[in-house]
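What follows is a set of notes on a single structure, which appears directly below.
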Amino acid sequence: QVLLVESGGGLVQAGRSLRLSCAASRSRFSANAMGWYRQAPGKQRELVAAITSGGFTNYADSVKGRFTISRDNAKNTMYLQMNSLKPEDTAVYYCNAGRWYDNNYYPDYWGQGTQVTVSS
């Protein structure tokens, strides 16, 4: 039903920036909430940020003030602008399409992931 493809990951020095993109194919992007998850080595997967079709956003405390989630409904594309990157941001980042309901995000469809590595 929904195909999600992430891009934009890479290796960067601490303090630099990256922008991740997620393109959705054959989806109801404009009607769905979307989010970014990440999983660091040896750590559990965590929700980094989410955005609803109406533009409401939610961020994990660890990235507030540094990361910005956005979406372009006309292009069926979601972005994660990551500034002031820290080594602890190193993880595989996953695009997700799901639902926002009662102050929670419910993941439904997953991208394949893109590696972000931040060196000190």
Side-chain angles (χ1 to χ4, degrees):
Q1 287 282 353
V2 180
L3 176 63
L4 305 171
V5 180
E6 304 98 328
S7 62
L11 172 63
V12 298
Q13 292 272 9
R16 301 296 297 271
S17 298
L18 282 174
R19 188 171 78 156
L20 305 183
S21 299
C22 175
S25 300
R26 301 297 182 188
S27 70
R28 285 177 277 175
F29 179 90
S30 62
N32 293 338
M34 299 186 72
W36 290 95
Y37 286 82
R38 69 184 182 187
Q39 187 164 25
K43 303 291 181 63
Q44 292 189 341
R45 182 188 62 193
E46 63 176 340
L47 178 64
V48 176
I51 185 168
T52 71
S53 59
F56 174 82
T57 58
N58 183 73
Y59 297 92
D61 288 342
S62 59
V63 306
K64 285 182 178 178
R66 299 189 298 121
F67 290 12
T68 302
I69 188 172
S70 62
R71 62 192 293 173
D72 186 333
N73 290 345
K75 297 181 178 180
N76 278 2
T77 302
M78 179 179 65
Y79 306 95
L80 185 68
Q81 178 67 43
M82 304 185 294
N83 298 328
S84 301
L85 283 163
K86 305 174 180 179
E88 48 262 47
D89 294 318
T90 295
V92 177
Y93 284 72
Y94 297 92
C95 176
N96 185 271
R99 292 158 288 143
W100 182 266
Y101 179 77
D102 195 25
N103 206 38
N104 285 290
Y105 183 79
Y106 298 87
D108 292 324
Y109 303 96
W110 296 90
Q112 84 288 344
T114 186
Q115 177 71 47
V116 172
T117 302
V118 184
S119 62
S120 60

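All values derive from a computational prediction rather than experimental measurement. One is the number of the first residue; the rest follow in order along the sequence.
In the hydrophobic cluster analysis, where Ile, Leu, Val, Met, Phe, Trp and Tyr join through side-chain heavy atoms closer than 4.5 angstrom, Ile69 is grouped together with Met82. By the criterion of side-chain heavy atoms lying less than 4.5 angstrom apart, applied directly or through intervening Ile, Leu, Val, Met, Phe, Trp or Tyr residues, Tyr94 is not grouped with Leu85; the two fall into different hydrophobic clusters. Both Tyr59 and Val118 are assigned to one and the same hydrophobic cluster, defined by single-linkage of ILVMFWY side chains at heavy-atom distances under 4.5 Å.
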Enumerate donor-acceptor pairs with a distance under 3.5 Å from any side-chain N or O in residues 9-22 to protein atoms, sequence neighbours excluded.
from	atom 1	to	atom 2	distance (Å)
Gln13	OE1	Ser119	OG	3.3
Ser17	OG	Asn83	OD1	2.9

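Lys75 and Thr77 get closest at one heavy-atom pair: O-OG1, 2.9 Å. Residues Val48 and Leu80 come closest through the heavy atom pair CG1-CD2, 4.5 Å. Scanning all heavy atoms of the two residues, the minimum distance from Tyr105 to Ala33 falls at OH-O, 3.6 Å.
No donor-acceptor distance shorter than 3.5 angstrom exists from the side chain of Gln81 to the backbone of Thr68, with no hydrogens or angles considered. A donor-acceptor distance shorter than 3.5 angstrom exists from the side chain of Asn96 to the backbone of Tyr109, with no hydrogens or angles considered. Without hydrogens or angle criteria, Gln39 side chain to Ala91 main chain gives no donor-acceptor distance under 3.5 Å. Between the side chain of Thr57 and the backbone N or O of Ile51 there is no donor-acceptor pair closer than 3.5 Å.
The structure places OH of Tyr79 at 11.0 Å from CE of Met34, a figure rounded to the nearest 0.5 Å. Note that the OG1 atom of Thr52 and the CZ atom of Arg71 stand 7.0 Å from one another [nearest 0.5 Å].
For Glu88, there are no salt bridge (charged side-chain N to carboxylate O under 4.0 Å, His left out) partners at least two apart in sequence or on another chain. Scanning for side chain to side chain contact (heavy atoms under 4.5 Å, CB included) contacts around Ser84 gives Arg66, with sequence neighbours left out.
Ring planes of Trp110 and Tyr37: tilted class, angle from 30 to 60°.
For CZ of Phe56, the number of neighbouring non-hydrogen atoms (other residues, nucleotides, ligands) closer than 6.0 Å is greater than 12.
A 4.5 Å side-chain heavy-atom check between Arg38 and Val63 finds at least one atom pair inside the cut-off.
Salt-bridge formation is not detected for the pair Asp89/Lys86: no Lys NZ or Arg NE/NH1/NH2 atom is positioned less than 4.0 Å from an Asp or Glu carboxylate oxygen.
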Working for side-chain contact (heavy atoms from CB on, under 4.5 Å), residues Asn104 and Arg99:
CA-CA 8 Å; Asn104 285 290; Arg99 292 158 288 143; over 6 Å; no
